[in-house]
Amino acid sequence: MTNKINRRKFIANSAKAGVALTLIPSFLQANDSTNEMNFSQQPLPYHYNALEPYIDAATMEIHYTKHAAAYTKNLNEAVAAEVKSALSLEDILSKASGFSAKMRNNAGGHYNHELFWQTLTPTASLKPSGKLADALNNTFGSFENFQTALSQAALTRFGSGWAWLIESNGVLKITSTPNQDNPLMDAAETKGFPLLGIDVWEHAYYLKYQNKRAEYIKNWWNIINWSVVEKRFNK
Ligand code: MN
């Protein structure tokens with residue numbers, strides 16, 4: 001991971017300096033044998049209070065700077081201890097059952113939260129458009145039916161976990177996972193590419209909603225960044 005980033009930085013710097021890319025000698029290109037992988041949190045794309053009143057500022061700040069930050073830190077520790085050659089996060093998830101519980105929990109935790117932040121926005125459009133809207137209508141009958149089904153999956157996930165809209169071989173499906181598992185994991189009951197996920201761990205809503213998970217889920221529909229979800233669907 002770091003190698004790739006360093007190579008990109010090097011290429012970017014070289015380009016700025018006017019060095020032709022073809023002149024980069026092979027020994028300066030990515031060398032997987034150094035095996036330095038490091039994952040980091042992307043900056044939140046909005047302020048902690050931006051999703052008020054649906055998600056309160058205190059929850060956002062603690063969720064991002066404490067819970068999610070810990071997943072990222074612990075993922076890096078597990079990677080340092082267990083990964084021998086460069087793997088993408090998706091590769092790690094697809095082989096999660098072959099790693100430790102620490103890896104599974106924190107690779108999932110890192111991926112899930114990085115996706116979660118990106119799919120929220122204070123300027124939500126409330127409904128998707130384009131091909132995703134058509135696909136949701138075709139699969140679930142209507143957008144409202146889709147909302148009901150995903151809300152139900154989120155509400156009935158027992159204990160901590162996530163509920164998902166995924167794409168699996170061109171088919172849209174709703175599923176849910178326990179803990180920090182996700183649908184990219186080899187052990188997932190229903191596998192697919194996550195388009196949208198809702199965190200139903202109590203840490204995601206308890207300060208504002210206490211035991212009222214249903215109300216948190218209902219309000220979450222007001223802050224979804226459908227353009228991000230549509231981009232994931234279209235790619
Ligand atoms: Mn969380």
Side-chain angles (χ1 to χ4, degrees), residues 39-79 89-90 92-93 96 100-122 124 150-166 174-185 187-190 192-225 228-229 232:
F39 295 99
S40 54
Q41 288 183 285
Q42 297 297 303
L44 263 193
Y46 35 74
H47 294 293
Y48 297 129
N49 65 359
L51 305 178
E52 300 253 17
Y54 307 112
I55 300 181
D56 60 290
T59 296
M60 282 303 297
E61 181 165 6
I62 294 167
H63 201 176
Y64 180 83
T65 65
K66 307 291 184 201
H67 295 279
Y71 295 124
T72 307
K73 173 180 170 288
N74 292 331
L75 167 62
N76 285 324
E77 287 177 10
V79 164
L89 185 55
E90 288 79 3
I92 291 172
L93 295 171
S100 66
K102 178 173 179 173
M103 182 75 89
R104 176 176 176 164
N105 291 336
N106 293 289
H110 179 69
Y111 185 99
N112 296 347
H113 286 86
E114 288 294 298
L115 175 59
F116 188 60
W117 314 131
Q118 296 300 320
T119 59
L120 301 178
T121 176
L150 182 53
S151 296
Q152 192 61 17
L155 192 61
T156 56
R157 164 48 54 192
F158 184 75
S160 298
W162 293 72
W164 305 96
L165 171 68
I166 63 170
I174 287 170
T175 185
S176 77
T177 52
N179 307 313
Q180 293 297 352
D181 282 3
N182 88 21
L184 292 171
M185 289 183 177
E189 236 170 72
T190 306
F193 180 69
L195 303 178
L196 174 66
I198 177 168
D199 187 345
V200 293
W201 282 59
E202 285 186 345
H203 70 222
Y205 62 86
Y206 206 86
L207 287 182
K208 180 176 172 70
Y209 296 96
Q210 294 82 47
N211 60 320
K212 298 183 285 280
R213 187 192 283 191
E215 202 176 314
Y216 157 69
I217 295 166
K218 186 167 160 250
N219 280 342
W220 167 78
W221 289 105
N222 291 302
I223 44 172
I224 295 174
N225 191 336
V228 167
V229 184
R232 293 176 71 83

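Treat the numbers as computed from the prediction; the structure is a model and nothing was measured. When a ligand or atom number is given, it counts from 1 through the structure's own listing order.
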Note to self: Tell me if the aromatic rings of Trp201 and His113 count as close, with their centers under 6.0 Å from one another.
What the structure shows: no

Margin query: Could you check, using the six-membered ring where one of them is a Trp, whether Trp220 and Tyr54 have ring centers closer than 6.0 angstrom?
Written below: no

Check: Within a reach of under 6.0 Å around CD of Gln210, are more than 12 heavy atoms found that belong to other residues, nucleotides or ligands?
Finding: yes

For the Mn ion (ligand 1), find the closest N/O/S atom belonging to [X] and write down its atom name.
X	value
Asp199	OD2
His203	NE2
His63	NE2

Next item on the list: Look at the aromatic rings of Phe116 and His63 and report parallel, tilted or perpendicular, splitting at 30° and 60°.
Entry: tilted

